[in-house]
Amino acid sequence: MATNTLYSTYCRSGYLSSDGYSYTSDWTFGEQSGHNFKGVVRFPDLLLRSAVIQNISLVLRRIDTYGGRTCQFGFNQNIAWGSTLLRTFSVSISSGTGNKTIDLTAHKDLIQNFSGEWCIHTNRDGNASGFTQFNGDEDGTNGPRIVVTYENATVEYFTAGAWQKCLVHYRTSTGWVQTIPYIYKSGVWVQV
């Protein structure tokens, strides 16, 4: 198994469609002072098209001390306010400060096939009052991040009517090491 962490490249929130996502510091979404804050966070390309993903999670560092909240999340490749989301879902975020992990494994098929940067949009769920606030991308490794666990060096072959996993290894002076195979195709190295 291998783990890869992707840090956000853009993290904004706002409450007026005319201003868009104009708040660039801490990431806020939900109802605050009569305004409905929405948010967007962008991540780089996952680059794991053929990997077998075991788990994919969004990790956010909550900084407010209010109660738990139910929030709505959605995916696309557009940071624009009001852009069409390809899939949406609601998540309950527990109270208290610190890291909150949101399991995105059910959406790995969509995330894995985005070509280029991709976004997660947030909003309050229904007319719920209250807001949540998280570290933004200005906070470096404490900002929003995606953590992916995937099978390293998996190749499959078809035999007797079924796909079988074929692990690729090479020998070093200290023992056998599992590796990720690549092929040279059309002038570019491509992960198998």
Do you know which two heavy atoms are closest between [X] and [Y], and how far apart they sit?
{"X": "Ser95", "Y": "Gly68", "result": "CB-N, 3.5 Å"}
{"X": "Ser13", "Y": "Thr28", "result": "CB-O, 3.0 Å"}
{"X": "Asp137", "Y": "Pro144", "result": "N-CD, 4.0 Å"}
{"X": "Gly116", "Y": "Asp45", "result": "N-OD2, 2.7 Å"}

Going by the rule side chain to side chain donor-acceptor pair (under 3.5 Å), which residues pair with [X] if we only count those two or more places apart in sequence or in a different chain?
{"X": "Asn4", "result": "none"}
{"X": "Asp64", "result": "Arg62"}
{"X": "Ser8", "result": "none"}
{"X": "Thr105", "result": "Asn55, Asp103"}

Could you list the residues that satisfy salt bridge (charged side-chain N to carboxylate O under 4.0 Å, His left out) with [X], not counting sequence neighbours?
{"X": "Arg61", "result": "none"}
{"X": "Arg69", "result": "none"}
{"X": "Glu117", "result": "Arg42"}

State, yes or no, whether a side-chain contact exists between Cys71 and Thr132 at a heavy-atom distance under 4.5 Å. yes
Would you find a donor on one side and an acceptor on the other, under 3.5 Å apart, between the side chain of [X] and the backbone of [Y]?
{"X": "Asn76", "Y": "Thr84", "value": "yes"}
{"X": "Lys108", "Y": "Ile53", "value": "yes"}
{"X": "Trp118", "Y": "Pro44", "value": "yes"}
{"X": "Trp27", "Y": "Arg12", "value": "yes"}
{"X": "His121", "Y": "Thr88", "value": "no"}
{"X": "Ser92", "Y": "Thr70", "value": "no"}

Would you tell me whether Ser94 and Lys100 have side-chain atoms, one donor and one acceptor, within less than 3.5 Å of each other? yes
So, Thr149 versus Gln54: side-chain donor-acceptor pair below 3.5 Å or not? no
Residue list, side chain to side chain contact (heavy atoms under 4.5 Å, CB included) with [X], at least two apart or on another chain:
{"X": "Thr5", "answer": "Tyr7, Arg145, Val147"}
{"X": "Thr65", "answer": "Thr97"}
{"X": "Ile102", "answer": "Leu58, Leu60, Phe73, Phe89, Val91, Ile93, Leu104"}
{"X": "Leu110", "answer": "Phe75, Leu86, Arg87, Phe114"}

Can you sort out the partners of Phe37 under ring pair (Phe, Tyr, Trp, His ring centres under 6.0 Å), two or more places apart, ordered by chain and number?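 With sequence neighbours excluded, Phe37 shows a ring pair (Phe, Tyr, Trp, His ring centres under 6.0 Å) to Tyr15, Tyr23, given in chain and number order.
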Chi angles and distances behind the side-chain contact (heavy atoms from CB on, under 4.5 Å) call for Thr122, Val40: CA-CA 6 Å; Thr122 57; Val40 63; over 6 Å; no
Check the hydrophobic clustering (I, L, V, M, F, W, Y; side-chain heavy atoms under 4.5 Å; chains of links allowed) and say if Ile56 and Leu6 are grouped together.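 Yes, because Ile56 and Leu6 connect within a single hydrophobic cluster, where side-chain heavy atoms sit under 4.5 Å apart.
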Could you go through the side-chain contact (heavy atoms from CB on, under 4.5 Å) check for Ile120 and Ile146 one step at a time? CA-CA 11 Å; Ile120 297 176; Ile146 296 292; 4.3 Å; yes
Does the side-chain contact (heavy atoms from CB on, under 4.5 Å) test come out yes or no for Ile79 and Tyr10, once each step is laid out? CA-CA 9 Å; Ile79 61 171; Tyr10 179 96; 3.8 Å; yes
Can you confirm if the aromatic rings of Phe29 and Phe131 lie within a centre distance of less than 6.0 Å? no
